Engineer: 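Sharing a structure here in structure tokens format.
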Amino acid sequence: MNMRIGQGFDVHAFGPGDFVMLGGVRIPHDRGVVAHSDGDVVLHALCDALLGALALGDIGRHFPPSDPRWAGADSRMFVRHCNAMLAEHGWALGNADITVICERPRIGPHAGAMRGLIAADLGVAVDAISVKATTTEQLGFTGRGEGIAAQAVCLLIPK
Ligand SMILES: Nc1ccn([C@@H]2O[C@H](COP(=O)(O)O)[C@@H](O)[C@H]2O)c(=O)n1
Ligand SMILES: C[C@@]1(CO)OP(=O)(O)OP(=O)(O)OC[C@H]1O
């Protein structure tokens with residue numbers, strides 16, 4: 001069977017604020033993130049995985065951080081754009097698996113909501129989308145609470 005695989009990774013620094021956007025879900029937190037858009041590392045990593053599977057570059061190529069149109073943008077729009085590109089090139093998402101890397105906020109209580117939004121934006125069943133999390137045992141920049149990271153892998157199948 002013809003298939004394509006993709007992977008993505010994204011990091012944003014914590015900064016002033018009282019919430020973070022992760023997987024399209026607004027999560028109350030004692031920090032915000034520094035970003036041009038809404039800084040949703042889950043959706044940015046997912047977009048890079050989808051674009052990588054298509055060999056169509058990365059999110060910054062499609063939505064340059066220098067472009068004022070994307071200031072404060074809802075990253076779900078980036079995901080829907082990538083999904084349109086999948087269809088345009090004759091591919092559909094088989095499944096995606098995403099890992100959020102941070103000490104806090106806790107992701108478990110929000111993972112179901114993230115999966116639902118991502119599945120809706122990609123037009124797939126919820127069981128095609130996995131969202132999970134790990135700490136780095138207080139090691140490194142995520143361990144020190146300086147920022148948050150996410151990685152994603154996806155498998156594409158012919159449409
Ligand atoms: N931000 C996070 C980090 C972790 N979790 C959940 O806790 C489990 C244990 O994490 P370790 O890093 O100690 O292995 C992990 O498997 C997640 O279920 C979380 O919800 N949010
Ligand atoms: C999402 C975009 C949009 O301009 O900007 P940021 O929110 O800063 O996010 P990042 O992952 O650093 O870069 C990708 C950009 O495309």
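Remember, it's 1-based here, ligands and their atoms both numbered in the order they're listed. A quick note: this is a predicted structure, and the numbers were derived from the prediction, not measured.
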Engineer: Does K132, at its NZ atom, have more than 12 non-hydrogen atoms belonging to other residues, nucleotides or ligands within less than 6.0 Å?
Structural biologist: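 Check passes, neighbour count above 12.
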Engineer: What is the nearest protein non-hydrogen atom to atom 14 (O) of ligand 1, stated with its residue, atom name and distance?
Structural biologist: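 Residue, atom and distance for the closest contact: T134 OG1, 4.0 Å.
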Engineer: What about R104: any of its N or O atoms under 3.5 Å from an N or O on ligand 1?
Structural biologist: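 Looking only at distances, the answer is no, because the N/O contact criterion of under 3.5 Å is not met.
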Engineer: Give me the nearest non-hydrogen protein atom to atom 15 (C) of ligand 1 as residue plus atom name, then the distance to 0.1 Å.
Structural biologist: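 For this ligand atom, the closest protein heavy atom is A133 O, 3.3 Å.
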Engineer: So, does R4 use its side chain to make a donor-acceptor pair with the main chain of L54 at under 3.5 Å?
Structural biologist: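 Such a contact is absent between R4 side chain and L54 backbone.
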Engineer: Give me the nearest non-hydrogen protein atom to atom 20 (O) of ligand 1 as residue plus atom name, then the distance to 0.1 Å.
Structural biologist: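 So the nearest neighbour among protein heavy atoms is G108 N, 2.9 Å.
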Engineer: Is it the side chain (CB and beyond), the backbone, both or neither of P105 that lies under 4.0 Å from ligand 1, heavy atoms counted?
Structural biologist: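 Contact part for P105 vs ligand 1: backbone (N, CA, C, O).
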Engineer: Starting from atom 13 (O) of ligand 1, find the nearest protein heavy-atom neighbour and note its residue, name and distance.
Structural biologist: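 Scanning the protein heavy atoms, the shortest distance from atom 13 (O) of ligand 1 goes to E137 OE2, 3.4 Å.
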Engineer: Using the test side chain to side chain contact (heavy atoms under 4.5 Å, CB included), find all partners of R31 that sit at least two apart in sequence or belong to another chain.
Structural biologist: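 Here the qualifying residues are F14, H29.
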Engineer: Who are the salt bridge (charged side-chain N to carboxylate O under 4.0 Å, His left out) partners of E103, not counting sequence neighbours?
Structural biologist: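 Once residues adjacent in sequence are excluded, E103 has no partner under the salt bridge (charged side-chain N to carboxylate O under 4.0 Å, His left out) criterion.
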Engineer: Looking at D74 and D38, what are the two nearest heavy atoms and their distance?
Structural biologist: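 Where D74 meets D38 most closely, the heavy atoms are CA-OD2, 3.5 Å.
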Engineer: Fit a plane to each ring of F78 and F63, take the angle between them on a 0 to 90° scale, and name the class: parallel (under 30°), tilted (30 to 60°) or perpendicular (over 60°).
Structural biologist: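 Plane angle between 30° and 60°, so tilted.
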Engineer: Atom 10 (O) of ligand 1: which protein heavy atom is closest, and how many Å away?
Structural biologist: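 Result: T135 N, 4.2 Å.
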Engineer: Is at least one protein non-hydrogen atom found at under 4.0 angstrom from atom 17 (C) of ligand 1?
Structural biologist: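 Given the 4.0 Å cut-off, atom 17 (C) of ligand 1 counts as touching protein heavy atoms.
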Engineer: For ligand 2, give me the residues whose heavy-atom distance to it is below 4.0 Å, by chain and number please.
Structural biologist: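 For ligand 2, the residues that come within the 4.0 Å heavy-atom cutoff are D10, H12, A35, H36, S37, H44, I59, G60, F63, P64, P65, W70, F78.
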Engineer: If I compare all heavy atoms of A53 with all of C154, which pair ends up nearest, and what's the gap?
Structural biologist: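 Heavy-atom minimum between the residues: CB-SG, 4.1 Å.
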Engineer: Could you tell me whether E103 approaches ligand 1 through its side chain, its backbone, both or neither, with non-hydrogen atoms closer than 4.0 Å?
Structural biologist: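 Answer for E103: backbone.
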Engineer: Given I148, which of T142, I101, D40, L22 fulfils the side-chain contact (heavy atoms from CB on, under 4.5 Å) condition?
Structural biologist: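 For I148, the side-chain contact (heavy atoms from CB on, under 4.5 Å) test succeeds with only one of T142, I101, D40, L22, which is L22.
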Engineer: Between R80 (side chain only) and D121 (backbone N and O only), is there a donor and an acceptor less than 3.5 Å apart?
Structural biologist: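 No, the answer is negative, given that no donor and acceptor are paired below the 3.5 Å cut-off.
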Engineer: Can you sort out which atoms of ligand 1 are near C102, meaning under 4.0 Å from one of its heavy atoms?
Structural biologist: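 Listed by number with element, the hits are 1 (N), 2 (C), 3 (C).
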Engineer: Identify the closest protein heavy atom to atom 9 (C) of ligand 1: which residue and atom is it, and at what distance?
Structural biologist: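 Heavy-atom neighbour on the protein nearest atom 9 (C) of ligand 1: R106 NH2, 4.7 Å.
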Engineer: Provide, to 0.1 Å, the distance between atom 19 (C) of ligand 1 and the closest protein heavy atom, together with that atom's residue and name.
Structural biologist: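 Here the closest protein heavy atom is I107 N, 3.5 Å.
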Engineer: Would you check if the side chain of T136 reaches a backbone N or O of G143 as a donor-acceptor pair within less than 3.5 Å?
Structural biologist: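 Yes, because the side chain of T136 sits within donor-acceptor range (under 3.5 Å) of the backbone of G143.
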Engineer: Heavy atoms only: give me the nearest L56-H89 pair and the separation to one decimal.
Structural biologist: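 Here L56 and H89 meet closest at CD1-CE1, 3.6 Å.
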Engineer: Output all residues satisfying salt bridge (charged side-chain N to carboxylate O under 4.0 Å, His left out) with D58, sequence neighbours left out; order by chain, then residue number.
Structural biologist: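 Partners of D58 by the salt bridge (charged side-chain N to carboxylate O under 4.0 Å, His left out) criterion come out as none, since no residue qualifies.
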